[in-house]
Amino acid sequence: MKHALPTDAVPAWDGSVAKARALQTELAAKLRLVDDRPPLRLIAGVDVGFEEEGAVTRAAAVLLDAVTLAPLAEVIARLPTRMPYIPGLLSFRELPALLEALEQLPATPDLVFVDGQGIAHPRRLGIASHLGVVTDLPTIGVAKSILVGVHQDVGMLRGDRVPLHYQDEVIGCVLRSKDKVRPLIISPGHRVSMQAAPELVLACCTKYRLPEPTRLADRLASRRDRRR
DNA sequence: GCGACAG
DNA sequence: ATCTTGTCGC
């Protein structure tokens with residue numbers, strides 16, 4: 001995907017949670033939650049896994065045809081793990097490897113599905129939003145569980161959804177991606193509206209709970225493709 | 001002060 | 001996230 005991504009967009013971890021949070025608030029001010037995206041031709045899915053007892057961070061990026069959802073390319077990036085997992089600061093741990101993987105893709109995607117929250121975050125900067133702001137790529141957060149926020153019960157059928165609320169605001173939605181499966185937590189990352197996010201995700205959900213981009217990236221990152 | 005807490 | 005096979009339910 002050309003040579004234009006900021007692989008140094010995430011500062012080295014110095015142990016200061018307060019400093020990291022301040023940077024998140026600063027970056028969140030640059031979010032644009034509007035549909036100013038180019039026509040959808042290529043969609044990417046990215047996810048992270050670990051090797052060597054967590055010492056190595058392994059990021060996977062998959063590029064698919066937006067219409068047929070057929071995979072066009074798969075790449076993997078490995079970087080030494082810099083910091084531990086701290087709720088609310090996930091991007092500082094996983095973003096460096098993710099950017100490296102995106103860089104290796106043969107083309108720039110028109111939209112990126114990220115495993116984790118978009119703006120459904122205490123300071124509105126989950127990993128999907130963080131990735132979007134530093135690359136200016138359109139992103140959507142596709143999480144398997146909630147970080148913050150509350151919601152009413154969701155219908156049991158594919159497509160059913162309810163808003164996710166946090167401090168008097170709607171920060172995303174809880175979406176049933178398939179009949180009778182645990183719902184996904186969807187939130188805009190960057191350059192995608194609150195209304196479009198769940199629609200785009202649903203359009204990529206075929207016969208599994210996870211949308212194709214994230215499902216394929218998930219398999220690669222967790223090396224579930226190699227082992228039985 | 002106590003509990004919650006993406007991956 | 002990760003350690004891990006078969007198994008219960010739709």
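Everything quoted here is computed from the prediction, not taken from an experiment.
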Rounded distance in Å - CD (A:E52) to P (C:dC3): 12 Å
Residues that, via side-chain heavy atoms closer than 4.5 angstrom, fall in one hydrophobic cluster with A:Y208: none
Residues within residues 182-213 of chain A bordering DNA chain B, heavy-atom distance below 4.0 Å: none
Any A:P138 side-chain heavy atom under 4.5 Å of A:V112 side chain: no
Residues in salt bridge (charged side-chain N to carboxylate O under 4.0 Å, His left out) contact with A:R124, at least two apart in sequence or another chain: A:E169
Residue pairs, two or more places apart or on separate chains, that pass side-chain hydrogen bond (donor to acceptor under 3.5 Å, both in side chains) and touch residues 177-191 of chain A: A:D36-A:R191, A:D136-A:H190
Paired stretches of DNA chain B - 3 or more consecutive Watson-Crick or G-U pairs, each distance under 3.5 Å: none
Exercise answer: donor-acceptor pairs, residues 142-156 of chain A side-chain atoms, under 3.5 Å, sequence neighbours excluded:
from: A:K144; atom 1: NZ; to: A:D115; atom 2: OD1; distance (Å): 3.0
from: A:K144; atom 1: NZ; to: A:D115; atom 2: OD2; distance (Å): 3.3

side-chain contact (heavy atoms from CB on, under 4.5 Å) evaluation trace for A:Q117 with A:I127: CA-CA 6 Å; A:Q117 316 294 345; A:I127 189 167; over 6 Å; no
Partners passing side chain to side chain donor-acceptor pair (under 3.5 Å) against A:E199 (at least two apart in sequence or in another chain): A:R161
Using nucleotides 5-7 of chain B, report all nitrogen or oxygen pairs with the protein that are shorter than 3.5 Å.
from: B:dA6; atom 1: OP2; to: A:Y85; atom 2: OH; distance (Å): 2.7
from: B:dA6; atom 1: O4'; to: A:Q117; atom 2: NE2; distance (Å): 3.4
from: B:dA6; atom 1: N7; to: A:G88; atom 2: N; distance (Å): 3.2
from: B:dA6; atom 1: N6; to: A:G88; atom 2: O; distance (Å): 3.1
from: B:dA6; atom 1: N6; to: A:L89; atom 2: N; distance (Å): 3.3
from: B:dA6; atom 1: N6; to: A:L90; atom 2: N; distance (Å): 3.1
from: B:dA6; atom 1: N1; to: A:I127; atom 2: N; distance (Å): 3.3
from: B:dA6; atom 1: N3; to: A:Q117; atom 2: N; distance (Å): 3.2
from: B:dG7; atom 1: OP1; to: A:K144; atom 2: N; distance (Å): 2.8
from: B:dG7; atom 1: OP2; to: A:S145; atom 2: OG; distance (Å): 3.1

Shared hydrophobic cluster for A:I185 and A:L200 (ILVMFWY, side-chain gaps under 4.5 Å): no
Separation between NE2 of A:H130 and CD of A:E94, rounded to the nearest 0.5 Å: 12.5 Å
Could you list the donor-acceptor pairs under 3.5 angstrom formed between side-chain atoms of residues 39-48 of chain A and any protein atom two or more places apart in sequence or on another chain?
none

Listing, residues 19-26 of chain A side-chain donor-acceptor contacts under 3.5 Å, not counting sequence neighbours, or none:
from: A:K19; atom 1: NZ; to: A:D14; atom 2: OD2; distance (Å): 2.8
from: A:Q24; atom 1: OE1; to: A:R123; atom 2: NE; distance (Å): 2.6
from: A:Q24; atom 1: OE1; to: A:R123; atom 2: NH2; distance (Å): 2.9
from: A:Q24; atom 1: NE2; to: A:G88; atom 2: O; distance (Å): 2.9
from: A:T25; atom 1: OG1; to: A:R21; atom 2: O; distance (Å): 3.2

A:R37: partners by side chain to side chain donor-acceptor pair (under 3.5 Å), with sequence neighbours left out: A:D35
Secondary-structure string, 5' to 3', Watson-Crick or G-U under 3.5 Å, | for another-strand partners, for DNA chain C: ..........
